[in-house]
Amino acid sequence: MDQNTKKFNVAKAVIEYIHNDCILGMGTGSTVNFLIEMLPDVRNKISGIASSSLETERLLKSKGFDVQPLSDFGNMDLYIDGADEATKNLHLIKGGGGALTREKIIASSSRKFICIIDDSKLVDKLGQFPLPIEVIPMARSYVSREIIARKGQPIFRENFITDNGNEIIDVHNLDIVNPLTMEENINQITGVVTVGLFAKRKADILLLSNDDGVSEIRTEK
Ligand code: 5RP
(Lines give C-alpha, C1' and ligand atoms only; values in the text may rest on other atoms or scores of the structure.)
Protein backbone atom coordinates (compact mmCIF):
# COMPACT_ATOMS: atom_id res chain seq x y z
CA MET A 1 0.00 0.00 0.00
CA ASP A 2 1.47 3.41 -0.86
CA GLN A 3 1.98 6.19 1.69
CA ASN A 4 -0.82 8.39 0.39
CA THR A 5 -3.31 5.53 0.70
CA LYS A 6 -2.20 5.05 4.31
CA LYS A 7 -2.60 8.77 4.96
CA PHE A 8 -6.06 8.68 3.42
CA ASN A 9 -7.03 5.68 5.56
CA VAL A 10 -5.92 7.24 8.84
CA ALA A 11 -7.69 10.50 7.96
CA LYS A 12 -10.86 8.52 7.33
CA ALA A 13 -10.47 6.63 10.61
CA VAL A 14 -10.19 9.77 12.73
CA ILE A 15 -13.54 11.06 11.50
CA GLU A 16 -15.38 8.82 13.97
CA TYR A 17 -13.60 10.55 16.89
CA ILE A 18 -15.33 13.83 16.01
CA HIS A 19 -18.30 13.94 18.35
CA ASN A 20 -21.42 16.12 18.32
CA ASP A 21 -20.91 19.79 19.20
CA CYS A 22 -17.17 19.43 18.74
CA ILE A 23 -14.90 22.47 18.99
CA LEU A 24 -12.17 21.27 16.67
CA GLY A 25 -8.56 22.30 16.14
CA MET A 26 -7.04 21.38 12.80
CA GLY A 27 -3.37 20.68 12.20
CA THR A 28 -1.27 21.14 9.09
CA GLY A 29 0.20 18.90 6.43
CA SER A 30 -0.64 16.37 3.76
CA THR A 31 -2.27 13.87 6.16
CA VAL A 32 -4.53 16.57 7.57
CA ASN A 33 -5.30 17.69 4.03
CA PHE A 34 -6.92 14.31 3.37
CA LEU A 35 -9.06 14.90 6.45
CA ILE A 36 -10.07 18.37 5.28
CA GLU A 37 -11.42 16.80 2.09
CA MET A 38 -13.73 14.57 4.16
CA LEU A 39 -14.66 17.09 6.84
CA PRO A 40 -17.77 18.43 5.07
CA ASP A 41 -19.34 14.97 5.70
CA VAL A 42 -19.42 15.72 9.45
CA ARG A 43 -20.01 19.46 9.22
CA ASN A 44 -23.14 19.23 11.38
CA LYS A 45 -21.07 17.84 14.29
CA ILE A 46 -18.61 20.73 14.34
CA SER A 47 -19.69 23.76 16.33
CA GLY A 48 -16.41 25.67 16.05
CA ILE A 49 -13.10 25.31 14.26
CA ALA A 50 -9.63 26.85 14.61
CA SER A 51 -6.60 26.31 12.40
CA SER A 52 -2.89 25.81 13.05
CA SER A 53 -1.75 27.52 9.85
CA LEU A 54 -2.76 29.94 7.14
CA GLU A 55 -2.65 27.06 4.62
CA THR A 56 -5.08 24.90 6.60
CA GLU A 57 -7.29 27.94 7.16
CA ARG A 58 -7.38 28.58 3.41
CA LEU A 59 -8.33 24.96 2.68
CA LEU A 60 -11.01 24.90 5.38
CA LYS A 61 -12.51 28.13 4.06
CA SER A 62 -12.57 26.64 0.55
CA LYS A 63 -14.80 23.89 2.03
CA GLY A 64 -17.11 26.50 3.52
CA PHE A 65 -15.93 26.35 7.14
CA ASP A 66 -16.00 29.49 9.24
CA VAL A 67 -12.51 29.41 10.76
CA GLN A 68 -12.27 31.39 13.98
CA PRO A 69 -9.26 32.65 15.95
CA LEU A 70 -8.24 30.33 18.78
CA SER A 71 -8.90 33.15 21.25
CA ASP A 72 -12.62 33.00 20.40
CA PHE A 73 -12.77 29.70 22.26
CA GLY A 74 -12.00 28.33 25.68
CA ASN A 75 -10.23 24.99 25.57
CA MET A 76 -10.75 23.09 22.33
CA ASP A 77 -12.43 19.67 22.57
CA LEU A 78 -10.22 17.96 20.05
CA TYR A 79 -7.03 18.66 18.11
CA ILE A 80 -6.14 16.48 15.12
CA ASP A 81 -2.74 16.67 13.47
CA GLY A 82 -0.03 14.62 11.79
CA ALA A 83 3.61 14.32 12.80
CA ASP A 84 7.03 13.82 11.29
CA GLU A 85 8.02 11.21 13.88
CA ALA A 86 6.21 9.51 16.74
CA THR A 87 7.10 6.97 19.40
CA LYS A 88 4.85 4.48 21.16
CA ASN A 89 5.09 6.81 24.17
CA LEU A 90 3.25 9.33 21.97
CA HIS A 91 6.14 11.79 21.95
CA LEU A 92 6.39 13.58 18.62
CA ILE A 93 8.58 15.60 16.33
CA LYS A 94 6.54 18.13 14.38
CA GLY A 95 7.25 21.15 12.26
CA GLY A 96 8.32 19.66 8.95
CA GLY A 97 5.76 21.99 7.42
CA GLY A 98 6.90 24.87 9.61
CA ALA A 99 3.63 25.28 11.52
CA LEU A 100 4.97 23.98 14.84
CA THR A 101 4.25 27.05 16.97
CA ARG A 102 0.56 27.34 16.17
CA GLU A 103 0.28 23.56 16.27
CA LYS A 104 1.74 23.46 19.77
CA ILE A 105 -0.49 26.29 20.96
CA ILE A 106 -3.66 24.56 19.79
CA ALA A 107 -2.51 21.12 21.00
CA SER A 108 -1.78 22.62 24.42
CA SER A 109 -5.18 24.22 24.67
CA SER A 110 -7.05 21.08 23.61
CA ARG A 111 -8.57 18.49 25.92
CA LYS A 112 -7.70 15.71 23.50
CA PHE A 113 -4.96 15.49 20.86
CA ILE A 114 -5.17 12.73 18.27
CA CYS A 115 -2.09 12.32 16.10
CA ILE A 116 -2.65 10.64 12.74
CA ILE A 117 0.33 9.01 11.03
CA ASP A 118 1.33 6.31 8.59
CA ASP A 119 3.78 3.68 9.76
CA SER A 120 6.81 5.37 8.16
CA LYS A 121 6.62 7.93 11.00
CA LEU A 122 6.77 5.46 13.89
CA VAL A 123 10.25 5.26 15.47
CA ASP A 124 11.83 3.76 18.58
CA LYS A 125 13.76 6.96 19.28
CA LEU A 126 13.09 10.48 18.02
CA GLY A 127 15.71 12.35 16.04
CA GLN A 128 16.23 10.71 12.69
CA PHE A 129 13.99 13.45 11.31
CA PRO A 130 15.76 16.81 11.75
CA LEU A 131 14.25 18.66 14.70
CA PRO A 132 12.66 21.98 13.59
CA ILE A 133 13.09 25.02 15.82
CA GLU A 134 11.27 28.29 15.12
CA VAL A 135 13.47 31.26 16.04
CA ILE A 136 13.23 35.02 16.13
CA PRO A 137 15.24 36.00 13.00
CA MET A 138 17.90 38.06 14.83
CA ALA A 139 18.57 35.10 17.17
CA ARG A 140 19.29 32.60 14.40
CA SER A 141 23.09 32.54 14.76
CA TYR A 142 23.03 32.63 18.53
CA VAL A 143 20.54 29.77 18.76
CA SER A 144 22.60 27.80 16.21
CA ARG A 145 25.73 28.15 18.38
CA GLU A 146 23.76 26.97 21.40
CA ILE A 147 22.56 23.95 19.42
CA ILE A 148 26.12 23.11 18.33
CA ALA A 149 27.10 23.22 22.02
CA ARG A 150 24.43 20.54 22.52
CA LYS A 151 26.06 18.41 19.79
CA GLY A 152 23.37 19.08 17.14
CA GLN A 153 23.97 20.28 13.58
CA PRO A 154 21.74 23.26 12.79
CA ILE A 155 20.73 23.88 9.18
CA PHE A 156 18.94 27.11 8.35
CA ARG A 157 15.72 26.44 6.37
CA GLU A 158 16.27 28.57 3.26
CA ASN A 159 13.51 30.68 1.72
CA PHE A 160 11.05 29.93 4.48
CA ILE A 161 9.23 32.34 6.80
CA THR A 162 6.69 31.00 9.28
CA ASP A 163 3.13 32.30 9.59
CA ASN A 164 4.45 34.24 12.59
CA GLY A 165 7.20 35.99 10.58
CA ASN A 166 10.02 33.91 12.04
CA GLU A 167 12.69 31.52 10.71
CA ILE A 168 13.30 27.79 11.11
CA ILE A 169 16.47 25.93 12.02
CA ASP A 170 16.40 22.17 11.32
CA VAL A 171 18.66 20.33 13.74
CA HIS A 172 20.34 17.12 12.59
CA ASN A 173 21.94 14.37 14.68
CA LEU A 174 20.65 15.40 18.09
CA ASP A 175 20.79 12.59 20.60
CA ILE A 176 17.26 12.83 22.02
CA VAL A 177 17.51 10.46 24.97
CA ASN A 178 14.78 12.18 26.99
CA PRO A 179 12.34 14.17 24.79
CA LEU A 180 10.80 16.10 27.70
CA THR A 181 14.16 17.21 29.12
CA MET A 182 15.38 18.13 25.64
CA GLU A 183 12.21 20.12 24.93
CA GLU A 184 12.57 22.07 28.17
CA ASN A 185 16.27 22.64 27.60
CA ILE A 186 15.92 23.99 24.04
CA ASN A 187 12.85 26.04 24.99
CA GLN A 188 14.90 28.09 27.41
CA ILE A 189 17.47 29.25 24.81
CA THR A 190 16.83 32.94 24.30
CA GLY A 191 15.37 33.60 20.86
CA VAL A 192 13.72 30.21 20.51
CA VAL A 193 10.01 30.59 19.83
CA THR A 194 9.11 26.90 19.72
CA VAL A 195 10.95 23.61 19.46
CA GLY A 196 9.20 20.90 17.45
CA LEU A 197 9.38 18.31 20.24
CA PHE A 198 5.92 17.51 21.56
CA ALA A 199 6.66 15.75 24.85
CA LYS A 200 5.20 18.10 27.47
CA ARG A 201 2.00 18.14 25.42
CA LYS A 202 2.28 14.78 23.72
CA ALA A 203 -0.57 13.12 21.84
CA ASP A 204 -3.32 11.39 23.80
CA ILE A 205 -4.06 8.96 21.01
CA LEU A 206 -1.89 7.86 18.10
CA LEU A 207 -3.74 6.50 15.09
CA LEU A 208 -1.32 4.42 13.06
CA SER A 209 -1.97 3.40 9.49
CA ASN A 210 -0.20 0.42 7.94
CA ASP A 211 -0.83 -2.29 5.36
CA ASP A 212 -3.22 -4.10 7.72
CA GLY A 213 -5.40 -1.10 8.53
CA VAL A 214 -5.50 1.58 11.24
CA SER A 215 -4.72 0.85 14.89
CA GLU A 216 -4.93 2.97 18.03
CA ILE A 217 -2.12 3.50 20.52
CA ARG A 218 -2.78 5.19 23.89
CA THR A 219 -0.70 5.72 27.01
CA GLU A 220 -1.60 6.97 30.45
CA LYS A 221 -1.15 10.74 30.82
C1 5RP B 1 3.62 20.58 10.00
C2 5RP B 1 3.66 19.30 10.74
C3 5RP B 1 3.03 18.11 10.08
O4 5RP B 1 2.13 17.54 10.96
C5 5RP B 1 4.10 17.12 9.75
O6 5RP B 1 5.08 17.75 8.97
C7 5RP B 1 3.51 15.91 9.02
O8 5RP B 1 3.14 16.28 7.73
P9 5RP B 1 2.54 15.27 6.67
O10 5RP B 1 1.18 14.91 7.15
O11 5RP B 1 2.54 16.08 5.39
O12 5RP B 1 3.45 14.08 6.58
O13 5RP B 1 4.17 19.17 11.81
O14 5RP B 1 4.30 21.59 10.69
Side-chain angles (χ1 to χ4, degrees), residues 1-15 24-39 50-60 70 76 78-87 90-110 112-123 126-135 155 157-172 174 176 179 183 186 192-210 214 217:
M1 193 184 292
D2 68 27
Q3 192 181 20
N4 276 339
T5 306
K6 291 177 188 173
K7 288 182 179 190
F8 174 89
N9 288 345
V10 75
K12 193 165 176 211
V14 80
I15 287 274
L24 180 64
M26 286 292 284
T28 296
S30 56
T31 314
V32 164
N33 290 350
F34 283 111
L35 174 60
I36 293 173
E37 286 298 316
M38 305 169 197
L39 213 53
S51 165
S52 63
S53 66
L54 297 178
E55 176 62 7
T56 291
E57 180 172 342
R58 186 185 66 74
L59 292 171
L60 286 169
L70 183 67
M76 310 294 285
L78 177 60
Y79 180 58
I80 302 172
D81 200 356
D84 300 300
E85 277 185 352
T87 66
L90 279 57
H91 295 141
L92 314 172
I93 284 183
K94 292 185 46 53
L100 62 164
T101 296
R102 295 183 188 206
E103 292 173 340
K104 198 177 271 195
I105 293 169
I106 304 190
S108 300
S109 68
S110 296
K112 187 182 284 183
F113 172 15
I114 304 179
C115 182
I116 53 175
I117 58 165
D118 65 81
D119 55 359
S120 70
K121 312 284 186 68
L122 189 66
V123 296
L126 297 176
Q128 276 291 106
F129 190 91
L131 178 65
I133 304 177
E134 179 166 348
V135 297
I155 306 286
R157 199 180 291 185
E158 304 264 359
N159 304 315
F160 188 87
I161 299 291
T162 70
D163 288 349
N164 313 305
N166 296 315
E167 296 175 345
I168 300 271
I169 297 168
D170 293 301
V171 183
H172 296 246
L174 262 185
I176 306 175
E183 181 179 8
I186 293 176
V192 167
V193 178
T194 302
V195 56
L197 276 170
F198 284 54
K200 184 167 188 288
R201 203 317 171 216
K202 60 184 186 174
D204 299 306
I205 299 174
L206 191 63
L207 287 188
L208 177 67
S209 183
N210 62 24
V214 177
I217 301 174

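Bear in mind the structure is a predicted one, so any value in this text is a computation, not a measurement. We count ligands from 1, going down the list as the structure has it; atoms in each ligand are counted the same way. Side-chain atoms are counted along with the backbone in the values below, which use heavy atoms only and exclude waters and symmetry mates.
Thr194 and Thr101 share a side-chain donor-acceptor pair at under 3.5 Å.
A tilted orientation is assigned to the rings of Tyr79 and Phe113, their planes being inclined by 30° to 60°.
Under 4.0 Å is where a charged nitrogen must lie from a carboxylate oxygen, and between Lys104 and Glu134 no such pair does.
Separating the CG atom in Asn210 from the CE atom in Met1 is a distance of 8.0 Å, to the nearest 0.5 Å. Expressed to the nearest 0.5 Å, how far NZ of Lys121 lies from NZ of Lys7 amounts to 4.5 Å. The structure places CG of Leu70 at 10.5 Å from OG of Ser52, a figure rounded to the nearest 0.5 Å.
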For ligand 1, list every N/O pair with the protein closer than 3.5 Å, one pair per line with the distance.
from	atom 1	to	atom 2	distance (Å)
ligand 1	4 (O)	Thr28	O	3.1
ligand 1	4 (O)	Asp81	OD1	3.4
ligand 1	4 (O)	Gly82	O	3.3
ligand 1	4 (O)	Lys94	NZ	2.9
ligand 1	6 (O)	Asp84	OD1	2.6
ligand 1	6 (O)	Asp84	OD2	3.3
ligand 1	10 (O)	Ser30	N	3.4
ligand 1	10 (O)	Thr31	N	3.0
ligand 1	10 (O)	Thr31	OG1	2.6
ligand 1	11 (O)	Ser30	N	2.8
ligand 1	11 (O)	Ser30	OG	2.5
ligand 1	12 (O)	Lys7	NZ	3.2
ligand 1	12 (O)	Lys121	NZ	2.8
ligand 1	13 (O)	Lys94	NZ	2.9
ligand 1	13 (O)	Gly95	N	2.8
ligand 1	13 (O)	Glu103	OE1	3.1
ligand 1	14 (O)	Gly97	N	3.3
ligand 1	14 (O)	Gly98	N	3.4
ligand 1	14 (O)	Ala99	N	3.1
ligand 1	14 (O)	Glu103	OE1	3.3
ligand 1	14 (O)	Glu103	OE2	3.1

